[in-house]
Amino acid sequence: MSEPDPRSTEARYRRIWRVVAAIPEGQVASYGQVAQLAGIARGARQVGRALAKAPEDMQLPWFRVISANGRIALAPDSPGFRRQRRQLLAEGILVRDGRVDMRRFGWAPASDEILLRF
DNA sequence: CGTGTGACTGACC
DNA sequence: AGGTCAGCCACAC
């Protein structure tokens, strides 16, 4: 019996989904932060990929993931952008011009919280 | 196997 | 504050 390679794309996606699922309601995390917590250095782009690939019935809070600069990464004129903005606003996260104040809404998990969860 | 393309980032103007 | 750029990495062609 061989363990699945933790470096495989599938294994990485599963860890990414696990981290995203742990982002508290009312808070946001950046793609790079999610990658970091999932043990994937410099894997920000993979996070975007994993979110796009996440099964709908997984009900992943993908909308809580935004760019490190606080901006919604999707195209401002896209349906995805509008949906993300709406869902963020729905849980009290202020979105102004497609931007969120990371200092106010950014997720800052405590170290023990990280060790226990991931 | 080379190239182009992003739901990305950090560094530098 | 806002644009450019190189680095990044999985994927489509």
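Every chain is numbered from 1 and lettered A, B, ... according to where its sequence line falls, protein lines coming before strand lines.
Within the 4.0 angstrom heavy-atom criterion, no nucleotide atom of any strand lies near A:Arg7. Across all strands, A:Arg12 comes closer than 4.0 Å only to sugar-phosphate atoms, never to a base (heavy-atom distances).
No option in A:Ile40, A:Leu51, A:Val65 other than A:Val65 meets the side chain to side chain contact (heavy atoms under 4.5 Å, CB included) test with A:Val34.
Contact check, A:Gln46 against C:dA10: a side-chain N or O comes under 4.0 Å of OP1 or OP2. Side-chain N/O atoms of A:Ser8 include none lying less than 4.0 angstrom from OP1 or OP2 on C:dA10. For A:Arg42, no side-chain nitrogen or oxygen approaches OP1 or OP2 of C:dA6 to under 4.0 Å.
Counting only heavy atoms from C-beta outward, the side chains of A:Met58 and A:Trp17 approach each other to under 4.5 Å. Within the 4.5 Å cutoff, the side chain of A:Arg86 has no heavy atoms near those of the A:Phe63 side chain. Between A:Arg85 and A:Ile72 the shortest side-chain heavy-atom distance falls below 4.5 Å. Contact of the A:Arg15 side chain with the A:Pro6 side chain is registered, since non-hydrogen atoms from C-beta on lie closer than 4.5 Å.
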Could you go over nucleotides 4-9 of chain B and give all protein N or O partners under 3.5 Å, atom names and distances?
unit_1, atom_1, unit_2, atom_2, d
B:dG6, N9, A:Arg45, NH2, 3.2
B:dG6, N7, A:Arg45, NH2, 3.4
B:dG6, N2, A:Arg49, NH2, 3.4
B:dA7, N3, A:Tyr31, OH, 3.0
B:dC8, N3, A:Arg45, NH1, 3.1
B:dC8, N4, A:Arg45, NH1, 2.9
B:dT9, OP1, A:Tyr31, N, 2.8
B:dT9, OP1, A:Gly32, N, 2.7
B:dT9, OP2, A:Ala68, N, 2.9

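Atoms CD1 (A:Ile40) and C1' (C:dG7) sit 17 Å apart, rounded to a whole Å. When the C1' atom of C:dG3 is taken as reference, atom CZ of A:Arg71 falls 12 Å away, rounded to whole Å.
When Watson-Crick and G-U wobble pairs are counted only if both distances are under 3.5 Å, B:dG10 pairs with C:dC5.
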The test is side chain to side chain contact (heavy atoms under 4.5 Å, CB included); show your working for A:Ile66 and A:Gln84 and say whether it passes.
CA-CA 9 Å; A:Ile66 62 181; A:Gln84 182 164 16; 3.7 Å; yes
